[in-house]
Amino acid sequence: IIANAPFKSTKQQSRFFGLGDEFNENSLAPDLSQLLSDNQTAHLSDGFLTLAPTEKQLLVEKMLEIVVAERSVSGTFTGTTRIDFAKMKLDEFAGISAYSWRENAVGISFGNGKIFTWRREDGKQKEIAHADLPANQSAIYLRIKAQGGEIFEFADSIDGKSWQTVGDKINFGNLEGARLAVIYNGKTTNVGARFDWLRVEQ
């Protein structure tokens, strides 16, 4: 028996279709969640997301880590973000990560004049590779490519078109249930890093 396929003119969507966030609304997209802090630390304004510690949190921990993460539906994906850093200060860091939890993660971040990839296992973080932060820029694009949930490649761009790989691929097979996350580390409530958007592609 031969029959026409139903919905033959309908384009099949990626399993990641609809995920990510342009940060243009008054609240985070339903698939995004904060992993380590209460909702008061995520501020949406003028199309940007800012992750800021509270004064109370800084009394307990001097270098705060604040994470907003997207649920993973596959171990193979590409995640990108654009970050405005025109007002970033010394010892502020922002980036994008495959984040299993605070103890285990891998990512690319920037701050203090450099871009660097890093790997954290059992709470111990190690810088893997680094490059100079481009001069005379106020925004940067960061990208993470994940393959099978075990191999990760990182890159940066100043225009979102031409990408420079930072270091070699990182093999990390212990990231069970890792989420795609934007991440901020700092010790000030007057945060200078603003995330423009988070986008995901399969």
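Throughout, residue positions are numbered sequentially from 1 according to the sequence presented.
Nearest heavy atoms, V191 versus P53: CG2-CD, 4.0 Å.
At least one donor-acceptor pair closer than 3.5 Å links the side chain of T81 to the backbone N or O of W197. Using a distance-only test at 3.5 Å, with no hydrogens or angles considered, a donor-acceptor pair links the side chain of S157 to the main chain of S162. No donor-acceptor pair under 3.5 Å is formed between the side chain of R119 and the backbone N or O of I170. Not one N or O on the side chain of E121 forms a donor-acceptor pair closer than 3.5 Å with the backbone of N104. Looking only at distances, no side-chain donor or acceptor of D84 sits under 3.5 Å from a matching main-chain atom of R194.
Between F152 and K145 the shortest side-chain heavy-atom distance does not fall below 4.5 Å.
Other residues, nucleotides and ligands contribute at most 12 non-hydrogen atoms within 6.0 Å of the CD atom of E25. Within a 6.0 Å sphere centred on CG of D46, heavy atoms belonging to other residues, nucleotides or ligands number 12 at most.
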D132/I115 under side chain to side chain contact (heavy atoms under 4.5 Å, CB included): CA gap, chis, key distance, verdict: CA-CA 6 Å; D132 291 336; I115 306 165; over 6 Å; no
Check residues 90-99 and write down every donor-acceptor pair under 3.5 Å in which the side-chain atom is one partner and the other belongs to a residue at least two apart or another chain.
| residue | atom | partner | partner atom | Å |
| --- | --- | --- | --- | --- |
| D91 | OD1 | N112 | ND2 | 3.1 |
| D91 | OD2 | K187 | NZ | 3.4 |
| E92 | OE1 | K89 | N | 2.8 |
| E92 | OE1 | K89 | NZ | 3.3 |
| E92 | OE1 | G192 | N | 3.4 |
| E92 | OE2 | Y184 | OH | 2.6 |
| E92 | OE2 | G192 | N | 2.9 |
| S97 | OG | V106 | O | 3.0 |
| Y99 | OH | E65 | OE2 | 2.4 |

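A salt bridge links D31 with R71: at least one charged nitrogen is closer than 4.0 Å to a carboxylate oxygen. Salt bridge status for R143 with E201: absent, with no side-chain N to carboxylate O gap under 4.0 Å.
Note that OG1 of T50 and NZ of K87 are 10.0 Å apart. Values are rounded to the nearest 0.5 Å.
A donor-acceptor pair shorter than 3.5 Å cannot be found between the side chains of N171 and E150.
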